[in-house]
Amino acid sequence: MKVRTWIAVLLIISGVTHVIQLQVYGARFHVIGAVLFGVAYFAIGVRLLRPGRSPLWWGAILPSIGGGLGVIRFLELHANPFTVFHVLIDLIVMPTILWLGQSEKVFYGCKKSPLPGSG
């Protein structure tokens, strides 16, 4: 299985388990925030199953933010096993997507600028 597919599966699993928290912990503000991240992770994971650059960008940015917020949530608001699991997935996904984006020349090595008149 390709690395991109593995990362997509991890994000889809993370997305589903983020949403499950709503049923387990109820509609607290930090749970609703986690659910919103879960919906985004699920969408990015599904999109990663097809070729394209944008899911690599989103897959690098959102897990960075979500991982940081997850650590804050664990330390300050609500220590729970979901948060540990999600932060671990973020720690796998983010550097792997950065590596994948670099190998696919998404983040670096563009030969031509997309801006008109810039080269």
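Fair warning: this is a prediction, and the values are worked out from it, not measured in the lab. As a basis for the values below, the full set of heavy atoms in this structure was taken, side chains included, without hydrogen atoms, waters or symmetry mates.
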Notebook entry, point to check: With Ala8, which residues qualify under side-chain contact (heavy atoms from CB on, under 4.5 Å), at least two apart?
Noted result: Leu48, Leu49
Checklist line | Heavy-atom pair of closest approach, residues Ala60 and Met94 | finding: O-CG, 3.5 Å
Margin query: Within this structure, what is the OG-CG distance for the pair Ser14 and Leu11, rounded to the nearest 0.5 Å?
Written below: 6.5 Å
Checklist line | side-chain contact (heavy atoms from CB on, under 4.5 Å) partners for Phe42, two or more places apart | finding: Ile12, Val16, Val46
Item checked: Residues that, via side-chain heavy atoms closer than 4.5 angstrom, fall in one hydrophobic cluster with Ile72 -> none
Note to self: Per the salt bridge (Lys or Arg N to Asp or Glu O under 4.0 Å) rule, what does the pair list look like for residues 2-21, sequence neighbours excluded?
What the structure shows: Arg4-Glu104
Check: In chain order, what residues pass the ring-ring contact (aromatic ring centres under 6.0 Å, His included) check against Tyr25, with sequence neighbours excluded?
Finding: His78, Phe82
Check: Checking side chain to side chain contact (heavy atoms under 4.5 Å, CB included) for the pair Arg28/Leu77: CA distance, chi angles, key distance, verdict?
Finding: CA-CA 11 Å; Arg28 298 179 183 157; Leu77 295 171; over 6 Å; no
Check: salt bridge (Lys or Arg N to Asp or Glu O under 4.0 Å): which pairs involve residues 62-91, sequence neighbours left out?
Finding: none
Checklist line | Connected via hydrophobic side-chain network under 4.5 Å: Val31 and Phe29 | finding: no
Checklist line | Partner set under ring-ring contact (aromatic ring centres under 6.0 Å, His included) for His86, not counting sequence neighbours | finding: His18
Notebook entry, point to check: How does the hydrophobic cluster around Leu75 look, that is, which other residues are in it when side-chain heavy atoms under 4.5 Å mark a link?
Noted result: Val71, Phe74, Val84, Val87, Leu88, Leu91
Check: Can you hop from Phe85 to Leu62 via hydrophobic side chains spaced under 4.5 Å?
Finding: yes
Notebook entry, point to check: Can Ile32 be reached from Phe37 by stepping across I, L, V, M, F, W or Y side chains whose heavy atoms are under 4.5 Å apart?
Noted result: no
Check: Partners of Thr96 by side-chain contact (heavy atoms from CB on, under 4.5 Å), sequence neighbours excluded?
Finding: Val3, Ile7, Ile92
Check: Do Val39 and Val24 belong together in a cluster built from hydrophobic side chains that touch within less than 4.5 Å?
Finding: yes
Notebook entry, point to check: What's the spacing between Leu98 CG and Trp57 CH2 if we round to 0.5 Å?
Noted result: 9.5 Å
Check: Same hydrophobic cluster for Val9 and Ile20, using side-chain heavy-atom links shorter than 4.5 Å among ILVMFWY?
Finding: no
Check: Passes side chain to side chain contact (heavy atoms under 4.5 Å, CB included), Leu10 versus Trp6? Steps please.
Finding: CA-CA 6 Å; Leu10 283 176; Trp6 278 107; 5.7 Å; no
